[in-house]
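So the structure is just underneath, and the comments pick up after that.
Letters go in sequence order (proteins before strands), and every chain restarts at 1.
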Amino acid sequence: MSTPAESSNLMEALVSLAKRRGFIYQSSEIYGGLNGFFDYGPLGVELKRNIRDAWWRDMVHRRDDIVGLETSIIMHPKVWEASGHVAGFTDPLVDCSETKLRYRADQLYYSKFSDHDGNTLGYLVVQEAAHDELLKALDKRIQYLIFKILDREQSGGVHSELKEFTEVKPDELPLCLGPDAKKLGTLTQPRAFNMMFETNVGALKDSSSVAYLRPETAQGMFVDFRNVIDTTRVKLPFGLAQIGKSFRNEITPRNFIFRSREFEQMEMEYFIHPDADWLACHEEWLKWCQDWLKSIGLPESHLSLHEHPKEKLAFYSRRTVDIMFRYPFGVQELWGIAARSDYDLKQHQQFSGVPQTYFDEATKAKVVPHVIEPAVGVDRIFLAVLAAGYAVEDVKDEKGNVEQRTVLRLSPRIAPVKVAVLPLLKNKEQLTTRAKALYAKLKQRYAVQYDDGGAIGKRYRRQDEAGTPWCVTIDFETIEKPGDTFTLRERDSMQQRRITEAELFQLLGEQVY
RNA sequence: GCGGCUGUAGUUUAGUGGUAAAACUCCGCUCUUCCAAAGCGGUAUCGAGGGUUCGAUUCCCUCCAGCCGCACCA
């Protein structure tokens, strides 16, 4: 295991490389940046696109049972009421200035405590618990208030009924004793915090025009479930796949692009018959996702599984397993595979009044399908391939001096540039003419670069940092000897061999898919 | 949202109460027969705003951004 300092250094090195080579910039940098937002530069946008394309090809094009979808980012506000996001994403939060602890106001209860003459002595705040536990806690706090804070000789007084702390009034706050506080008045007013970005549709900013930027792409696929059934020939089981931006107003965006406020999801909702073996289906998708991650070059050694304990499952889920990735800052969630049951379709059925059913020809019955959902963040995969591929190696030059080489070992499938075409020398026209001809031919099909700047070694290293798997050098052997061969220099091994144009295209055809 | 640390060229860093230096990168030119060659030239309102001061990149305050920890993450 690396130490926190090393991890931090690795992340700094990655951020630095990402900027230096044009993978990722901070958003709005010239205005001081904006927390939780990022831009993808010329190399970054290629890498990101390749990740998306690889997923789409494997998930949609190469399967018979999955079709694609692209739904709008802003949807009818009722969608988010039905999905539970309006209620679920609104957490009123309370901070304690003394203990620095943070509570959810809807999980706190408070009670006024008065002496027998009716004078208010204070408000006791306790955390949600079973009824008798809660009363026990309340009693403890009363004793604490009387003897430690008010410094009285004997107890006595009455407490009023418990109320949810969300109802606390500003003038009561100075007399509130926080659940873990030793002084009065350390709690803040509950502040509503909704993870959804709000906006307004139309010209008038009244409450009827409130809309949300979607916090997940999934709901678009549930809402269009009927449309797809009615207009295409899909039969259960089948999947709807979507790639698109989602937005969450995270309290604290952290770890570079890992948790940001604007991010891109690749989600697939796989609809199955309610009587189908959902557990087996869930296992199948779990396996599929792991295999796919390996196919884009993530090493198995960095992957692990995390099964959500039953008591911590989200309300819609019967089972959720996360594929975890060992990032420099720790093992974190990469891909969540959730068995969402029929929760979402049933919710939309109820809220919209439109039946969300599928006609089962076999039983002649209408059923509401269940759903298995693999959901992954493009940006998280991006960071994972960057972190896993990044290496600084010691390399010996011809004099035996040790130098350092920075290399990004990206899979040819997703590398932003597949091949760099390099004339050995810039000022020899036979070399550059042949190189430019090859470049022109390659770029019809692949993302390639032409580079004639500086010495050849420098150009190799530059491509190493960009993650380009192969460099092709047009040298004197190309133009002087028969066979029209080039030097093929391989990124990871730095080995060189001679290759013809036909062989090069064959290599690319096999490796870039 | 809280606490600690930080912010000087594209990157990594040096430095000072009297308007800034280096290495590498990048761009241009010269040169160069396979792993960051050499030479010349170019690139900074020292994160932003305010205050103290004759004078602030340096000291103070606020904000913004970043890192670490806590909390949060339906």
Side-chain angles (χ1 to χ4, degrees), chain A residues 4-5 7-9 11-13 15-22 25-37 41 80 83-91 93-104 106 186 188 191 193-196 215-216 248-256 258-259 261 312-317 329 332-333 343 393 395-399 401 403-407 422-428 430-431 452-465 471-480 486-491 493-496 498:
Chain A
S7 310
S8 174
N9 289 343
M11 277 309 287
E12 278 171 32
V15 173
S16 169
L17 174 71
K19 169 87 185 280
R20 186 154 35 91
R21 286 296 168 195
Y25 312 120
Q26 190 180 19
S27 167
S28 315
E29 199 180 4
I30 61 169
Y31 290 102
L34 187 60
N35 189 257
F37 296 92
W80 308 110
S83 70
H85 285 84
V86 171
F89 264 30
T90 313
D91 293 337
L93 298 176
V94 175
D95 288 304
C96 177
S97 61
E98 180 192 317
T99 61
K100 307 302 177 198
L101 290 169
R102 166 171 286 177
Y103 311 94
R104 280 174 55 174
D106 56 339
T186 61
T188 62
R191 281 167 292 198
F193 189 85
N194 196 308
M195 296 258 287
M196 284 195 292
E216 62 173 29
R248 292 182 192 179
N249 200 359
E250 297 284 354
I251 302 171
T252 315
R254 275 286 159 94
N255 292 325
F256 199 30
F258 180 81
R259 172 167 293 137
R261 291 182 165 132
K312 285 194 176 172
L313 285 177
F315 54 85
Y316 54 73
S317 177
F329 43 83
Q332 295 280 343
E333 175 190 338
Y343 178 83
E393 298 179 335
V395 181
K396 280 187 184 165
D397 66 12
E398 71 263 20
K399 290 175 194 146
N401 299 322
E403 290 182 331
Q404 289 204 317
R405 168 175 97 118
T406 303
V407 58
L422 320 170
L424 183 59
L425 296 175
K426 183 184 180 179
N427 59 357
K428 295 285 185 292
Q430 311 106 292
L431 295 179
D452 61 6
I456 188 72
K458 190 175 223 168
R459 284 178 265 162
Y460 286 152
R461 298 298 174 85
R462 184 154 46 205
Q463 295 298 332
D464 287 342
E465 279 200 339
C471 291
V472 181
T473 301
I474 286 69
D475 48 29
F476 290 94
E477 201 173 325
T478 310
I479 51 177
E480 287 168 359
F486 323 112
T487 298
L488 181 83
R489 184 264 194 185
E490 205 270 327
R491 177 194 63 206
S493 64
M494 296 167 68
Q495 299 277 311
Q496 300 186 356
R498 299 212 68 82

Classify [X] by what it touches in the nucleic acid, base, sugar-phosphate, or nothing, heavy-atom distance under 4.0 Å.
X	answer
A/Ser16	sugar-phosphate
A/Phe256	sugar-phosphate
A/Glu465	base
A/Glu216	base

Check: Once each nucleotide of nucleotides 28-33 of chain B is scored for protein heavy atoms under 4.0 Å, what B/S/- sequence comes out, 5' to 3'?
Finding: -S--BB
Check: Taking OP1 and OP2 of B/G66, is either one under 4.0 Å from a side-chain nitrogen or oxygen of A/Gln26?
Finding: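 For B/G66, OP1/OP2 do have a side-chain N/O of A/Gln26 under 4.0 Å.
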Check: Does the side chain of A/Lys19 get closer than 4.0 angstrom to OP1 or OP2 of B/U11 through an N or O atom?
Finding: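 Yes.
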Item checked: Pairing of A/Arg405 and A/Glu393 as salt bridge, 4.0 angstrom limit ->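 Salt bridge: yes.
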Notebook entry, point to check: Charged N to carboxylate O under 4.0 angstrom, A/Glu465 versus A/Arg491?
Noted result: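 No salt bridge links A/Glu465 with A/Arg491.
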Checklist line | Pairing partner (Watson-Crick or G-U wobble, both distances under 3.5 angstrom) of B/G18 | finding: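 Base-paired to B/C54.
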Notebook entry, point to check: Is there a donor on the side chain of A/Arg20 or the base of B/C26 sitting less than 3.5 Å from an acceptor on the other?
Noted result: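 No pair found.
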Next item on the list: Please state whether the base of B/G66 and the side chain of A/Arg254 form at least one donor-acceptor pair under 3.5 Å?
Entry: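 No pair found.
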How far does the [atom1] atom of [N] sit from the matching atom of [M], given to the nearest Å?
N	M	atom1	value
B/C63	B/A36	C1'	41 Å
B/G15	B/C29	C1'	33 Å
B/G66	B/U12	C1'	16 Å
B/A22	B/U43	C1'	15 Å
B/A56	B/C46	C1'	11 Å

Note to self: Measuring only between side-chain heavy atoms, which start at C-beta, is A/Arg459 closer than 4.5 Å to A/Pro423?
What the structure shows: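 A/Arg459 vs A/Pro423: side chains touch.
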Note to self: Rounded to the nearest 0.5 Å, what separates atom CG in A/Asp452 from atom CD1 in A/Ile474?
What the structure shows: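 One finds 11.5 Å between CG of A/Asp452 and CD1 of A/Ile474.
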Notebook entry, point to check: Measuring from A/Leu424:CG to A/Phe476:CZ, what's the distance to the nearest 0.5 Å?
Noted result: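 One gets 6.0 Å once the value is rounded to the nearest 0.5 Å.
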Next item on the list: Check whether the side chains of A/Thr487 and A/Arg498 place a donor and an acceptor atom closer than 3.5 Å, and report yes or no.
Entry: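 The criterion, which ignores hydrogens and geometry beyond distance, is satisfied for A/Arg498 and A/Thr487.
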Checklist line | Check: A/Gln26 side chain, A/Glu29 main-chain N or O, donor-acceptor pair, under 3.5 Å | finding: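 Not confirmed, A/Gln26 side chain does not pair with A/Glu29 backbone.
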